[in-house]
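One structure, as structure tokens, below. Some questions next.
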2 protein chains.
Amino acid sequence: MKVSQRTEYGLRAMVALAGKYDSGLMSIKELAEQEGIPVAFLEQIMAELRRAGLIVSTRGAYGGYALEKAPNKISAGQVISTLEGSLSPARCGAKCDKMSGCSTRSVLKRIEDSITDTLDNIYLNELVKAGIDE
Amino acid sequence: MKVSQRTEYGLRAMVALAGKYDSGLMSIKELAEQEGIPVAFLEQIMAELRRAGLIVSTRGAYGGYALEKAPNKISAGQVISTLEGSLSPARCGAKCDKMSGCSTRSVLKRIEDSITDTLDNIYLNELVKAGIDE
DNA sequence: TTATTCCTTACTAATTCGGTCAGGATTAGA
DNA sequence: TCTAATCCTGACCGAATTAGTAAGGAATAA
């Protein structure tokens, strides 16, 4: 249950965009340099965040990325679940058809729900501040 | 950031032990059968939980495992951090010496702290109930 | 039309994960 | 004292995931 490098990169890119909200686009190159992330890798991550509707992109010269909505409307939970998928062990859900009444899963579910809830209540604007404070 | 199968198994074993707290030991075999976990795999997990001081074991015939303290004194966070280690991406900490002032890490830290906090406030007795309710 | 930028797919080396296997150490009870 | 039951440990293995590279295509401002 480590946060993957991929997700950390994505999160930091989102926070960087949040810091520049309403002051223009940021290109992959800018983001990658500022955050120390390999360009080609970040490209993949941004593509996924765009498909999820969390950011918008503009192609061509002077293009770049921006948040799709205000930083205080996008939660860490949205970013993380986009980049990581479910918290459950991979196999559960694939093999198991019981959508309810699976007592085996109830313990884990209780925990996953708590984590999800926690992450859904942390917003990007708060994380921008966390970065400044440090 | 999936919860690993390993951790789910460990958590369920702990909840099973919590359900029998004060009514004797449970052997690996019992635990494994009841929870549907491969015996040899569960053995490794239990060894780790024991080394962490969360359970006590008795060897020899009629031996088995029991919680080291009451279910309401052991948190999901303790179990999970024992079995998974830190939430941070593997590399961070290995290469990076800055123990403070690493602005790159602050965003993730804020999130990890929230999750840790959440999990440290879920206790085994509560999870036993969750299992019954379902 | 060209430089800049986003977009997509395929590939790869290294690591982690889930699990098995083999055997040793300890203890209760016959 | 012997034996069965039980915990304990380390080595090993195939499959999946992870972090990244590579190569090229598509859109757009100037």
Could you say whether A:Ser4 or A:Ala61 is positioned toward the 5' end of DNA chain D, judged by the nucleotide with the nearest heavy atom to each?
A:Ser4

Integer-rounded Å distance: C:dT16 P and A:Gln5 CD
13 Å

Partners of B:Glu33 by salt bridge (charged side-chain N to carboxylate O under 4.0 Å, His left out), sequence neighbours excluded?
none

Scan for ring pair (Phe, Tyr, Trp, His ring centres under 6.0 Å) pairs involving residues 52-83 of chain B, sequence neighbours excluded, and state none if there are none.
none

Whole-Å distance between D:dG20 P and A:Glu8 CD?
11 Å

Output one line per pair: protein atom, nucleotide atom from nucleotides 9-11 of chain D, and distance, for all N/O pairs under 3.5 Å.
| residue | atom | partner | partner atom | Å |
| --- | --- | --- | --- | --- |
| D:dT9 | OP2 | B:Arg50 | NH2 | 2.8 |

Just to verify, what does A:Thr118 make a side chain to side chain donor-acceptor pair (under 3.5 Å) with, not counting sequence neighbours?
B:Thr118

Would you please name every residue forming a side chain to side chain donor-acceptor pair (under 3.5 Å) with A:Glu30, sequence neighbours left out?
none

Provide, to the nearest angstrom, the distance between the NZ atom belonging to A:Lys2 and the P atom belonging to D:dT17.
18 Å

Distance in angstrom units between B:Met1 CE and D:dT18 P, rounded:
13 Å

Separation of A:Ile28 atom CD1 from C:dT8 atom P, in whole Å?
12 Å

Can you tell me the distance, in whole Å, between the NZ atom of A:Lys29 and the P atom of C:dC7?
18 Å

Could you tell me whether B:Phe41 contacts a base, only the sugar-phosphate backbone, or nothing, with contacts defined as non-hydrogen atoms closer than 4.0 Å?
base

d(CG, A:Leu25; P, C:dC6) in whole Å
9 Å

Scan residues 22-58 of chain B for pairs that pass ring pair (Phe, Tyr, Trp, His ring centres under 6.0 Å), counting only residues two or more places apart or in two chains.
B:Tyr9-B:Phe41

Counting only side-chain nitrogens and oxygens, does B:Tyr9 get under 4.0 Å of the OP1 or OP2 atom of C:dG19?
yes

Atom pair distance, as rounded to whole Å: CG in A:Leu31 and C1' in C:dC6:
13 Å

Looking at CE of B:Met46 and CG of B:Leu54, how far apart are the two atoms once the value is rounded to the nearest 0.5 Å?
10.0 Å

